[in-house]
J.: 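Here it is, the structure, as structure tokens.
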Amino acid sequence: MEDIDVKELKERLEKKDKFLFLDVREEWEFEDDNLGAKNIPLADLPHRLEELDSYKDQEIIIHCRSGARSGNAKKFLESKGFSQVRNVLGGIMAYRDL
């Protein structure tokens, strides 16, 4: 699935569109600044996949600080059969620059 830019993410959040919003930053980063996403740090993702099972065929939008970790998370989830995963390009840094 195509990635998403921060402008589209902001619009989707404001409209309260339905999707799983996942933040793969570390807990301390999430506590400092979050957009209301579910926090599962990238390193924990393989051990917490069962939490996401019900979203296998639903849209999942993943973000991190810059888009790198969320890009890795997207590839990992796709390899596990998740079909509608999108990465937020530029991450929360780009979002805050909007």
Side-chain angles (χ1 to χ4, degrees):
M1 230 180 144
E2 245 183 72
D3 290 335
I4 183 172
D5 64 31
V6 291
K7 186 172 184 268
E8 183 183 347
L9 173 64
K10 188 174 195 305
E11 291 167 2
R12 303 260 329 256
L13 288 172
E14 287 171 355
K15 288 193 301 190
K16 299 192 182 337
D17 280 356
K18 191 172 181 199
F19 57 89
L20 173 64
F21 191 28
L22 185 62
D23 185 329
V24 294
R25 295 176 299 154
E26 295 300 318
E27 286 177 26
W28 63 269
E29 292 174 283
F30 179 77
E31 287 167 5
D32 285 349
D33 186 14
N34 75 72
L35 302 174
K38 177 180 182 65
N39 180 228
I40 301 180
L42 180 60
D44 296 347
L45 202 52
H47 313 290
R48 295 177 61 184
L49 266 183
E50 71 283 347
E51 292 176 43
L52 305 177
D53 276 347
S54 61
Y55 297 96
K56 244 189 174 135
D57 297 314
Q58 295 179 36
E59 184 177 22
I60 300 174
I61 297 177
I62 309 176
H63 83 102
C64 64
R65 182 174 164 271
S66 67
R69 281 177 280 181
S70 50
N72 288 332
K74 174 185 175 180
K75 287 178 193 158
F76 174 73
L77 289 177
E78 287 174 337
S79 78
K80 297 298 180 185
F82 290 81
S83 60
Q84 297 184 52
V85 186
R86 302 177 77 188
N87 178 27
V88 178
L89 301 171
I92 200 166
M93 291 188 332
Y95 188 90
R96 293 300 181 209
D97 286 344
L98 263 185

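One is the number of the first residue; the rest follow in order along the sequence.
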J.: NZ/Lys80 to CG/Leu77 distance, rounded to the nearest 0.5 angstrom?
T.: 10.0 Å
J.: Consider only side-chain heavy atoms of I, L, V, M, F, W and Y, link residues closer than 4.5 Å, and tell whether Ile62 and Phe19 are in one cluster.
T.: no
J.: So how far is it from Phe30 CZ to Leu35 CG, rounded to the nearest 0.5 Å?
T.: 8.5 Å
J.: For Phe82 versus Tyr55, what's the shortest heavy-atom pair and its separation?
T.: CD2-O, 4.0 Å
J.: Give a yes or no on whether the backbone of Leu89 and the side-chain of Asn87 come within a donor-acceptor separation of less than 3.5 Å.
T.: no
J.: Taking atom CD of Glu27 as the centre, does the number of heavy atoms from other residues, nucleotides or ligands within less than 6.0 Å exceed 12?
T.: no
J.: Could you state whether Leu98 and Met93 fall into the same hydrophobic cluster, counting links through intermediate Ile, Leu, Val, Met, Phe, Trp or Tyr residues with side-chain heavy atoms under 4.5 angstrom apart?
T.: no
J.: Measuring from atom CD1 of Ile61 to atom CD of Gln84, what distance do you get when rounded to the nearest 0.5 angstrom?
T.: 10.5 Å
J.: To the nearest 0.5 Å, how far apart are CZ in Arg69 and CD in Glu29?
T.: 4.0 Å
J.: What verdict does the salt bridge (Lys or Arg N to Asp or Glu O under 4.0 Å) test give for Lys15 and Glu11, after you've listed the backbone C-alpha separation in whole Å, the side-chain angles of each residue and the deciding distance to 0.1 Å?
T.: CA-CA 6 Å; Lys15 288 193 301 190; Glu11 291 167 2; over 6 Å; no
J.: With a 4.5 Å heavy-atom cut-off, do Lys10 and Val6 have their side chains touching?
T.: no
J.: How far does NE2 of His63 sit from OH of Tyr95, to the nearest 0.5 angstrom?
T.: 9.0 Å
J.: Among Lys74, Lys75, Arg86, which residue meets the salt bridge (Lys or Arg N to Asp or Glu O under 4.0 Å) test with Asp3?
T.: Lys74
J.: In residues 37-44, what donor-acceptor pairs under 3.5 Å come from side-chain atoms, sequence neighbours left out?
T.:
residue : atom : partner : partner atom : Å
Lys38   : NZ   : Glu51   : OE1          : 3.1
Asn39   : ND2  : Asp23   : O            : 3.1
Asn39   : ND2  : Arg25   : O            : 3.0

J.: Between Leu52 and Val24, is there shared hydrophobic-cluster membership here, with clusters defined by ILVMFWY side-chain heavy atoms closer than 4.5 Å?
T.: yes
J.: Does Arg12 come within less than 4.0 Å of Glu59, counting only side-chain N to carboxylate O?
T.: yes
J.: With hydrophobic residues grouped by side-chain heavy-atom distances under 4.5 Å, do Leu22 and Val88 end up in a single group?
T.: no
J.: To the nearest 0.5 angstrom, please state how far the OG atom of Ser83 sits from the CD1 atom of Ile60.
T.: 8.0 Å
J.: Heavy-atom count around Lys56 NZ within 6.0 Å, excluding the residue itself: above 12?
T.: yes
